[in-house]
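Read the structure below first, then the notes.
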Amino acid sequence: MDKKKLSERDICSKFINPALEKAGWTAQQIREEVTFTNGQIMVRGKLHTRGERKRADYVLYYKKNIPLAVIEAKDNNHSVGAGMQQALGYADSLAVPFVFSSNGDAFLFHDHTGLFGAVEQELSLDEFPSPEHLWKLYEQHHGIESERSKQIVEYPYYDDGSGKTPRYYQVNAVNKTIEAIARGQDCVLLVMATGTGKTYTAFQIIWRLWKSGAKKRILFLADRNILVDQTKNNDFKPFGQHMAKITNRKIDKSYEIYLSLYQAVTGSEEEKNIYKQFSPEFFDLIVIDECHRGSAKEDSAWREILEYFSSATHVGLTATPKETKDTSNITYFGEPVYTYTLKQGIQDGFLAPYKVIRVDIDKDLQGWRPTKGQRDKHGNEIEDRIFNQKDMDRNLVLTKRTELVAKKITEFLSKTDPYAKTIVFCDDIDHAERMRQALVNLNPERVKENRKYVMRITGDDKEGKAELDNFINPEERYPVIATTSKLMTTGVDAQTCKLVVLDQHIKSMTEFKQIIGRGTRINEDFGKTWFTIMDFKKATELFSDPTFDGEPVVIFEPKGDESVIPPDEEQSLDTEEQPEPGSTHSGSGTDTDDDTDNQAPKKYVVDGVAVNVIGERVQFYDNDGKLVTESLKDYTRQHILKDYQSLDTFLRKWKGAEKKSLIIEEFKKQGIIFEALEDEVGKDFDAFDLICHIAYDQPALTKKERANNVRKRNYFTKYNEQARQVLDALLDKYADQGIEPIEDVKILHVPPFNQMGSIVEIIQAFGSPQDYTDALKELENQLYADVS
């Protein structure tokens, strides 16, 4: 057997698999070709494509969902270690310490733990370590030493038999939390971007700790009724009769899993703190969902509860760690045991990317000053000063401005999808109501179809709040547009939200991330793969803040009254615009987003002041994670020239390619969407002409022109009649659909080819499969014969 002639798959089946079996790895512990990301969604124009998915040749598990090692295989024409760097990248993502590369001759072994010997060493096929050996090293490396801690870490995940498995980052989050608790860590913080399944992750953590007997009574705290109810009815459903929601301020101590609003168990008066009906040792584990929200302060409701149940293990879940001069999740919980960011979620294809439309309004940027003694519509004399963007809808209401924002929203929806779920974030309830009215007046036909086309969903409006479930339900068409202030910033699982409008002053990074998170969920069944942010108040300038999507940084160091924040930064970092919805400031324990600040500034309402758009630009995140101004041509030109610096280089590659579709596919993986370019450049060009025209300024021929040029050469005459018919039909397909379809032999299954005979008969018309391939190659050469 000539090993050099074997494929990579042959190397796996003939050498790697036998080595694993000999080392004691079972079929249940070995998974081959494990795809663990979905491929980044890249948006260009109105279209999108997915990038390449990450796929490991092997992932080895000690037990299901407890990965230990990655193996990257190569054929025997590569060296033993040729796959190591690729495997190390996969291992970083999957959080496994043992990494192998093999070409069938031996294994190169990389050991992150440093317990096996050298960091990297070559092992023969017979020396592959057993699962027990690697697991022992794993336990030692992670400080899992007692028998009890080992039982906790090895306890299996919940499995409902449906085949649903957690995503790789959820596995990482669960395992790292379980390991930290098994080691005796009392406070644990998990940071996971909105839309990545924090509650499902929390369920698996609680399930394993509860079923293993490590934690017998558990309290799950959230700050929205909708969050508690969604959790109880969905992810936590397997707890069944062992679970109860604390309601009506009543305590029943017969359950093991409790869910509660933290407002429901606390109050301003000592006797209202019904959590004290439990003994301080009652709970073994407390999990706080969305622990960033009005909550990290030392006098907050859940901090009060945690201090009472100080003997329990405390786990905080958040998408946005809060770090200000007097509020810190990290100072309380410690460094996160695991972080999965928005940027990672988008790059992996689990979260929706977004475009940003920034709209600049003249009175916002240039300012507006009243005439001397001018009064507003309510008869109030307007303060004589220049009002600018920071005043709009707070100190000054220009009714024409509200109408302009509503007009731009309506124009966008009309051009894209009038029924795309849309959230408009306003400064306060009054602003949300004015925006609702403006949108209603601009959409009379839609409102006539259904009065709920536009709804104000704020904490003070019962009818609006009652429509929240319908808004987030993909099956329900109405409401389409929701105007809100604070109520929908978090805890709203709007899977099909395609437009997020920012007409709100946002200075808090925490709040900004939460608002962006309203659009990041993907629902491909309903056509939601990306979303648009329309920004009227420069809120998206926060994208450029280094804290937007990096690792959380502690800036809270409690040392007396000394501030650690420079005075010019303090306001932007420590802004709580209004009391959080449902926070204990309201004292009611209900959802609210009213502005309860008694010192609210005076607001002037002015009619008749003309307002205009003075700038508008569209931006999107490229596949490197950079926000760039949209220009499909520029983006395409840059990426083509990066790979092919000259036309000659590209032409050599194109003409020498066995299949042109492979070159096109590579460009697609870089985020070049040829259909979107066709919209911008011209509908009838194929990928070749689009590339040559955009990157190298070459004149372009349409697909029909290329097909007609081939027919004029009349080279078909050397083939028999049936073969000529096939080639002529292939030219028609090219003229209609481009080069890619005709390179796939499956095209012979569809009309008109299937009317010419079977695939075997069609190929026989050319002589042999190789003759058909040669004829197709010659047809392609004829198509591009005029290019030199």
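Because its NZ or CZ atom is not both nearer than 6.0 Å to the ring centre of F753 and within 45° of the ring axis, K733 does not count as a cation-pi partner of that residue. With a 6.0 Å cutoff to the six-membered ring centre and a 45° limit on the axis angle, K3 counts as a cation-pi contact of F15.
When all heavy atoms of V59 and P67 are compared, the closest pair comes out as CG1-CB, 4.0 Å. The two residues A173 and I205 have their closest heavy-atom pair at O-CD1, 4.5 Å. The two atoms that bring F100 and P129 nearest to each other are CZ-CG, 3.9 Å, heavy atoms only. The shortest heavy-atom contact between I522 and G349 is CD1-O, 3.5 Å. Heavy-atom minimum distance, K176 versus V337: CD-O, 3.3 Å. In terms of heavy-atom proximity, H141 sits nearest to L115 at N-CD1, 3.9 Å.
Below 30°, between 30° and 60°, or above 60°: for F650 and Y644 the angle between ring planes is above 60°, a perpendicular geometry. Taking the six-membered ring where tryptophan is involved, the planes of W25 and F128 are perpendicular, since the angle between them exceeds 60° and thus also 30°. Between Y340 and Y168, the ring planes are perpendicular. Angles over 60° get that label, and only those under 30° would be called parallel. Ring orientation note: the planes of F531 and Y354 are tilted relative to one another, at an angle of 30° to 60°.
Within a 6.0 Å sphere centred on NZ of K704, other residues, nucleotides and ligands contribute 12 heavy atoms or fewer. The environment of E127 atom CD is dense: over 12 non-hydrogen atoms of other residues, nucleotides or ligands sit within 6.0 angstrom. The environment of R31 atom CZ is sparse: at most 12 non-hydrogen atoms of other residues, nucleotides or ligands sit within 6.0 angstrom. Counting non-hydrogen atoms of other residues, nucleotides and ligands closer than 6.0 Å to CD of Q755 gives a total above 12. In this structure, K4 places its NZ atom where more than 12 heavy-atom neighbours from other residues, nucleotides or ligands lie under 6.0 Å away.
Between T37 atom OG1 and R55 atom CZ the span is 11.0 Å, to the nearest 0.5 Å. In this structure, CG in L727 is found 10.5 Å from CD in Q782, a value given to the nearest 0.5 Å. Note that CG of N175 is 6.0 Å distant from CD1 of I66, once rounded to the nearest 0.5 Å. With rounding to the nearest 0.5 Å, the separation of CD1 in I664 from CD1 in I739 is 7.5 Å. Taking CZ of R652 as the start and OG of S646 as the end, the distance is 6.0 Å to the nearest 0.5 Å. Atom-to-atom distance recorded for K528:NZ and T520:OG1 is 7.0 Å, nearest 0.5 angstrom.
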From CA spacing to verdict: side-chain hydrogen bond (donor to acceptor under 3.5 Å, both in side chains), Q86, Y90: CA-CA 7 Å; Q86 186 178 352; Y90 295 156; 3.0 Å; yes
N709 and E705: CA distance, side-chain angles, deciding distance, side-chain hydrogen bond (donor to acceptor under 3.5 Å, both in side chains) verdict: CA-CA 6 Å; N709 286 345; E705 286 171 337; over 6 Å; no
CA sep, side-chain torsions, deciding dist, call: N172, Y338, side-chain hydrogen bond (donor to acceptor under 3.5 Å, both in side chains): CA-CA 7 Å; N172 291 348; Y338 185 66; 3.2 Å; yes
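Between E743 and K660 no salt bridge is recorded (no basic side-chain N to carboxylate O distance below 4.0 Å). With respect to R167 and D348, no salt bridge is recorded, no charged nitrogen being found less than 4.0 Å from a carboxylate O. Under the 4.0 Å criterion applied to side-chain N and carboxylate O atoms, D732 and R711 are assigned as salt-bridge partners. Under 4.0 Å is where a charged nitrogen must lie from a carboxylate oxygen, and between D643 and K653 no such pair does. Between K718 and E778 there is a salt bridge, since at least one side-chain N of the basic residue sits less than 4.0 Å from a carboxylate O of the acidic one. A salt bridge links R9 to E32: one of the charged nitrogens lies within less than 4.0 Å of a carboxylate oxygen.
Within the 4.5 Å cutoff, the side chain of P741 has no heavy atoms near those of the D736 side chain. Under the 4.5 Å side-chain criterion, counting only non-hydrogen atoms from C-beta, T165 is not in contact with Y157. When side chains are defined from C-beta on, Y61 does not count as touching V96, because their heavy atoms never get closer than 4.5 Å.
Between the Q722 side chain and the M756 main chain, a donor and an acceptor come within less than 3.5 Å of each other.
If you run side chain to side chain donor-acceptor pair (under 3.5 Å) between W135 and each of H133, E132, E139, only E139 comes through.
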